[in-house]
Amino acid sequence: MKKTLDFLAEHHDRYERELIDILKVPCISSNPEHNQDMRDMAELLKKEMRSIGMDEVKIIETDGHPVVYSEWLNAPGKPTLLIYGHYDVQPVDPVDLWDSPPFEPVIKNGKIYARGSADDKGQIYIHLKAIEAWLATQGSLPVNVKLVFEGEEEVGSTHLEAFINEYEEMLTADYVVISDTPMFREGVPGITYGLRGLAYLQVNMRGTSTDLHSGSFGGLVKNPINALVEILAQMKDEDGRILIPGFYEDVLPITENEHTKLKNLPFDPDEFASSIGAPALFGEAGYEYLERLWARPTFDINGIWGGFQGEGAKTVIPAEAHAKVSMRLVADQDPDDIAKKFTAYAKSLVPETMEVDIDAMHGGFGYVTDLDNPGLQAGVRALKRAFGKEVDFLREGGSIPIVKVFADIVKAPVLLMGYGLPDQNAHAPNENFSLYNFHKGIESIVYFFEEVGNLK
Ligand code: BES
Ligand code: MN
Ligand code: MN
């Protein structure tokens with residue numbers, strides 16, 4: 001192990017240079033103008049996987065952006081890890097709010113600033129460097145490894161479920177490992193044992209065939225924006241309870257043990273509120289802050305539009321109104337079932353003066369894993385060895401919809417060993433990744449391979 005750790009120290013600066021190189025590629029999956037960049041990024045990862053000594057390295061086509069796959073299966077009798085991550089990134093707008101261009105990485109105060117630094121290219125790179133260090137210094141890994149890096153996570157992993165089904169046999173593994181979550185606090189490693197799911201829909205209301213003069217018609221027709229806000233206002237009560245019939249049916253209750261665990265994590269609501277510029281926090285009555293954030297579902301209007309939005313005033317009754325809405329779900333809520341329940345309830349509230357159509361856009365299940373799982377415990381030991389601190393047990397409010405698909409099809413527990421930080425600005429301007437976490441992350445995965453190798 002000493003040789004491997006020395007290798008990490010020796011190559012410390014090269015790792016940062018290479019990280020800078022992969023962060024330069026503007027691989028924004030949602031924008032077709034970046035299709036070539038997606039390809040270039042996939043090619044770069046393929047080259048990297050070859051150079052660190054992975055076998056069967058290939059770019060596998062899907063109906064969208066490709067998956068980059070490779071394996072190293074020369075540890076017979078040892079567990080197999082399927083390491084999943086995503087090489088696509090979010091769009092960069094509003095680009096003027098970045099202190100430096102999103103695809104020209106800069107290092108400042110121990111952090112590297114670039115789109116995709118934390119979410120998720122910096123984190124997938126941790127695994128590549130840990131594999132490289134083992135193979136370069138020991139000639140082998142103590143576990144079997146399969147790498148699956150997709151290019152469509154930020155657009156809902158559109159084609160990954162089909163991919164997993166098609167390649168089910170190739171993907172068999174004992175544990176799925178994902179580094180795509182933040183730690184809870186700087187310097188303290190965390191393991192995430194739960195994620196929320198998601199149901200995302202668009203609501204379109206139509207009142208008339210064209211916009212109307214609000215003086216000549218107002219009073220005789222129903223305004224679709226009025227109708228839409230009336231309906232959306234009935235989704236939640238003042239205490240933050242969601243009013244969609246049957247919405248909470250499959251929500252797993254928070255156990256006493258978990259309640260205590262979450263309560264013991266330091267969380268200062270005033271500090272949190274001021275860090276996001278909010279006058280005060282809001283949430284479902286009867287639950288602790290972190291329970292609301294991690295273990296309870298939400299309903300949010302993500303966007304709403306229609307009518308006149310230009311300068312000045314225009315007296316108009318718009319023909320149409322639209323809203324994007326989403327619900328963060330928790331285990332065991334089913335996103336399709338929730339989309340149906342939302343749709344049925346919303347439709348029941350639509351007045352007969354209106355036409356409505358509701359499109360379910362995408363979704364995914366939430367996830368919780370068992371804290372006693374031996375793989376998770378191996379992860380805890382590895383993180384503790386690298387960071388020298390007791391590990392935080394976390395859930396997350398965000399979603400990685402494919403996690404549940406992996407759990408069901410690969411039939412292996414999913415271990416979420418994330419190295420981001422709460423102020424990483426994922427999806428926002430000035431996304432950043434702590435270089436301390438990057439290097440400690442590599443070290444922890446080096447240990448993790450050893451710990452998992454010792455399991456059988
Ligand atoms: N890495 C995030 C998931 C995440 C976010 C985990 C915050 C923990 C905390 C992932 O890349 C992401 O952004 N997921 C989307 C999913 C959506 C596009 C289907 C999300 O959570 O909104
Ligand atoms: Mn991510
Ligand atoms: Mn993301």
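Start at 1 and go down the list; that is how both ligands and their atoms are numbered.
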Before signing off on this row, confirm whether Asp180 and ligand 1 have an N or O atom pair separated by under 3.5 Å.
yes

So, are Arg381 and Glu451 salt-bridged, with charged N and O less than 4.0 Å apart?
yes

Going by heavy atoms, is His86 under 4.0 Å from ligand 1?
yes

Parallel, tilted or perpendicular: ring planes of Phe272 versus Phe267, cut at 30 and 60 degrees
tilted

Between Arg328 and Leu198 (side chain of the first, backbone of the second, donor and acceptor by atom type, cut-off under 3.5 Å), is there such a pair?
no

If I apply the N/O under 3.5 Å rule, does Glu154 come out as touching ligand 1?
yes

Which is closest to atom 10 (C) of ligand 1 by heavy-atom distance: Gln123, Gln90, Glu153?
Glu153

The Mn ion (ligand 2) to His86: nearest N/O/S atom name:
NE2

When you compare the side chains of Glu396 and Tyr367, does any donor N or O come within less than 3.5 Å of an acceptor on the partner?
no

Going by atom types alone, do Gln377 and Asn373 pair a side-chain donor with an acceptor below 3.5 Å?
no

Mark the output for Arg328 as yes if a heavy-atom distance to ligand 1 is under 4.0 Å, and as no if none is.
yes

Residue portion contacting ligand 1 (non-hydrogen atoms closer than 4.0 Å) for Pro182:
side chain

Looking at the Mn ion (ligand 3), is there an N, O or S atom belonging to Asp119 that lies under 2.8 Å away from it?
yes

In this structure, atom 3 (C) of ligand 1 is nearest to the protein heavy atom Ser399 O, 3.4 Å

For Pro401, counting its heavy atoms only, list the atoms of ligand 1 lying under 4.0 Å from any of them.
19 (C)

Presence of salt bridge, Glu390 and Lys384, under 4.0 angstrom:
yes

On the 0 to 90° scale, with breaks at 30° and 60°, tag the His362-Tyr200 ring pair as parallel, tilted or perpendicular.
tilted

Do NZ/NE/NH1/NH2 and the carboxylate oxygens of Lys263 and Glu288 come within less than 4.0 Å?
yes

Is Arg196 near ligand 1, meaning one of its heavy atoms is under 4.0 Å from it?
no

Select one of side chain, backbone, both or neither to describe which atoms of Leu198 lie under 4.0 Å from any atom of ligand 1, heavy atoms only.
side chain

Identify the protein heavy atom lying closest to atom 7 (C) of ligand 1, giving its residue, its atom name and the separation to 0.1 Å.
Gly398 CA, 3.9 Å

shortest atom 19 (C) of ligand 1-to-protein heavy-atom contact is with His362 CE1, 3.4 Å

Is there an N/O/S atom in Glu154 at a distance below 2.8 Å from the Mn ion (ligand 2)?
no

Looking at atom 8 (C) of ligand 1, what's its closest protein heavy atom, distance included?
Glu396 CG, 3.5 Å

With a heavy-atom distance limit of 4.0 Å, tell me whether Ala426 approaches ligand 1 through its side chain, its backbone, both, or neither.
neither

Does Asp180 put an N, O or S atom under 2.8 Å from the Mn ion (ligand 2)?
yes

Check this for me, if you would: do Lys146 and Glu56 make a salt bridge, where the nitrogen-to-carboxylate-oxygen distance has to be below 4.0 angstrom?
no

Would you say Asp119 contacts ligand 1, with heavy atoms under 4.0 Å as the rule?
yes

So, Lys121 side chain and Val25 main chain: donor-acceptor pair closer than 3.5 Å or not?
yes

Tyr419-Ser444 side chain donor-acceptor pair, cut-off 3.5 Å:
yes

Going by an N to O cut-off under 4.0 Å, is there a salt bridge joining Lys236 and Glu284?
no

